Amino acid sequence: MRNSSRREYSKSNSPVMQSMVEQEDDGEEAEYGDDEIFVGWKLGDKNLYRELEDEAVRTEGGHNTQAIQFALREFQREAGNREDTLSLDQSSAGIELVVGKRGSGKTFFERARSNREAEGGVLNVLVDRKHEYYSNNLYNGIQEDNKNLGKGEEKQTIDTTVLLPYFVKKRINKQEGVSLPGREYTETFKFNFSDLDPNMLSYIFLYDVKENSSRYKDFEKYTRKLRKRMEDGEIQSFNHCKQLAEEMQEREQFNYRQGRGRAGEIKDKLEKYEDWGFLGNDMDLYSNEVMETEELDGIGLEKLVQETNTIAISFGDEMENLPDNLQMPQLYIAILIKKLRDLKKSGKLDKKVKLCIDEAHEFLDEEDPSNQRDAPPAHWQIRQVIKVDRGKGFRVSLATQEIQDLPEKNCLKAVDHAFIPQNIDSDGRRYLLDLYDVHGGSLDTGNKKWQKIFDVFDQYQWLYIDVDQKYWSLLEVASPLAYHKEED
């Protein structure tokens, strides 16, 4: 909790407010390290099943259906006890996959792991779809009896800064009666035109245009020239982009020339991004006094990554309100990752970094283009972290409801650790079990067997897979250390 908030709560006579500044009782101190992150408790694993199966083979006289049925019955009886803990280390925890339907506990699980990693010195950068990570800074979560905290752990705050794009703060500020929970923990995410690369600008024009159409050909011709001039340092603002479109129209380089012509379309597109404060530089539009201008100044990312270990970029409900399918969330994620990668390359970020991408299917393209020019910007940046930067102190956690929308070769097959919830559909379960080859032979692949293993789960338990070791275990995940609103 920030000192200013703590002072305000301590002045209040409200028992609720007073409870928010209570200090935890003294006790055994939990230790956190960036190479050993506590995840939860194993409730029965491949080793236990194999032991039971070996016993059944000796009893039944061979590895047959009867032996498997015996092993499954015994596994169902014996599984469920906290026999051992699971911790992940940096050397093997490069890429993680968390799959599950809405309500399966993905956010709960992601928050728990990011809390402990932050305490261990890892910089966590999260996509905060529901604007809820600000509550890391508050006390008294739902884990009041500490039943899902590890040995020596206590409830605690996790210092977290929420980055809000300018257009989100602008929209909220202009809507009377609309408040922003946790505003004191937010900063404005701002950047410069120079943070954009040619592929990001090209994506603005080409992402929703039918290939080979006349419109596509004109936009493609425009983006080729735009790319060349950016590389030559001649394009340094949206105004320069507009001037190039006008120049091409004057020289009749577009196929479409009616009315305002193709240059008019290009300028309209750019102006919509400007009107929505894409770069966060339209301060003159801010007339509402509810929010002070200083709040929009933002904070330099280089400074922020040194001050905190948890950064959440939040869009909230405002992402649904964007007009004309503007691709600002895709671009914001790309820019943020690019800036983090640049800080790493320049030696200005010496922490290990974990990118936690919620609803990853919204930022990744199933087709997985191999050329940066053809890939959505966020997709390319995530792909590069997975393929190029995982050995440079980056980790990635991908959480999704739609595994079929993620690229297989350079995403799903790159995963080191996978977590599958109890309520996953049978097709998704079969696909992942096959993909990560956790089966032990032809008799081990039957869907009925795995249905029986999944039947052992309670609602919020998971199947954990160590892909490299072809190892699996039922898992009860630890609770977050910090305040969270609900298990969703």
Side-chain angles (χ1 to χ4, degrees), residues 1-12 14 16-22 106-108 110-115 117-119 123-143 155-190 277 280 286 288-299 301 303-305 307-321 329 332-333 336 356 358-359 479-488:
M1 180 178 291
R2 300 187 180 184
N3 290 333
S4 59
S5 298
R6 184 183 295 278
R7 287 194 295 269
E8 291 303 313
Y9 289 139
S10 63
K11 292 177 184 177
S12 171
S14 165
V16 175
M17 292 297 190
Q18 288 291 331
S19 71
M20 297 183 78
V21 294
E22 291 176 359
K106 295 193 303 298
T107 303
F108 178 90
E110 197 75 29
R111 186 189 289 260
R113 287 181 297 137
S114 67
N115 284 172
E117 287 169 334
E119 287 298 283
L123 172 63
N124 287 264
V125 180
L126 305 110
V127 177
D128 184 7
R129 298 295 305 279
K130 299 179 182 178
H131 184 62
E132 58 185 4
Y133 276 93
Y134 72 87
S135 63
N136 275 346
N137 297 287
L138 309 178
Y139 276 85
N140 292 339
I142 65 172
Q143 67 280 20
K155 294 178 293 183
Q156 64 186 79
T157 61
I158 302 294
D159 184 45
T160 299
T161 298
V162 179
L163 289 178
L164 285 175
Y166 177 79
F167 84 90
V168 175
K169 278 200 169 182
K170 176 174 140 182
R171 290 274 298 181
I172 292 172
N173 194 46
K174 288 193 172 184
Q175 297 178 57
E176 292 185 9
V178 176
S179 61
L180 178 66
R183 174 174 286 185
E184 64 268 38
Y185 306 113
T186 66
E187 296 283 357
T188 305
F189 178 46
K190 292 180 59 182
Y286 242 87
N288 193 320
E289 296 180 359
V290 174
M291 183 182 293
E292 297 294 333
T293 303
E294 293 78 48
E295 290 190 47
L296 301 174
D297 290 343
I299 185 171
L301 192 60
K303 180 181 179 182
L304 182 59
V305 298
E307 293 184 350
T308 182
N309 283 339
T310 305
I311 299 171
I313 183 165
S314 174
F315 303 112
D317 295 335
E318 296 306 314
M319 190 161 65
E320 308 299 328
N321 296 325
Y332 282 132
I333 297 299
L336 179 58
C356 304
D358 192 16
E359 305 296 352
S479 295
L481 301 173
Y483 181 95
H484 54 282
K485 293 186 290 187
E486 56 186 27
E487 296 185 15
D488 59 3

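Just so you know, these numbers use all the heavy atoms, side chains as well, and skip hydrogens, waters and symmetry mates. These numbers come from a predicted model, not from an experiment.
L164 and S314 get closest at one heavy-atom pair: CD2-O, 3.5 Å. Of all heavy-atom pairs between T160 and Y133, the closest is CG2-O, 3.7 Å.
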### Query
Under the side chain to side chain contact (heavy atoms under 4.5 Å, CB included) criterion, do T107 and E132 qualify, and how do the steps go?
CA-CA 10 Å; T107 303; E132 58 185 4; 2.9 Å; yes
### Worked verdict on C356 versus V125 for side chain to side chain contact (heavy atoms under 4.5 Å, CB included)
CA-CA 6 Å; C356 304; V125 180; over 6 Å; no
### Query
For Y185 and T161, what are the C-alpha separation, side-chain angles and deciding distance, and is it a side chain to side chain contact (heavy atoms under 4.5 Å, CB included)?
CA-CA 5 Å; Y185 306 113; T161 298; over 6 Å; no
### Task
Step by step, work out the side chain to side chain contact (heavy atoms under 4.5 Å, CB included) result for I333 and V127.
CA-CA 8 Å; I333 297 299; V127 177; 3.7 Å; yes
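A distance-only check finds no donor-acceptor pair linking the side chain of N136 to the backbone of D159 [under 3.5 Å]. With hydrogens and angles ignored, the 3.5 Å screen pairs a side-chain donor or acceptor of N309 with a backbone N or O of A118. Of the possible polar contacts, one joining the N115 side chain to the A482 backbone as a donor-acceptor pair under 3.5 Å is found. A donor-acceptor contact shorter than 3.5 Å is absent between the side chain of T186 and the backbone of E184.
R111 CZ to D128 CG: the interatomic distance, rounded to the nearest 0.5 Å, is 8.0 Å. Interatomic distance, L301 CG to I311 CD1, rounded to the nearest 0.5 Å: 5.5 Å. Distance check: L481 CG to T157 OG1 gives 10.0 Å after rounding to the nearest 0.5 Å. Note that CZ of F189 is 5.0 Å distant from CD1 of I313, once rounded to the nearest 0.5 Å. Separation of atoms CD1 (I158) and CG (N137) is listed at 9.5 Å; rounding is to 0.5 Å.
R129 forms no cation-pi arrangement with F315, by the criterion of a distance under 6.0 Å to the ring centre and an angle within 45° of the ring axis.
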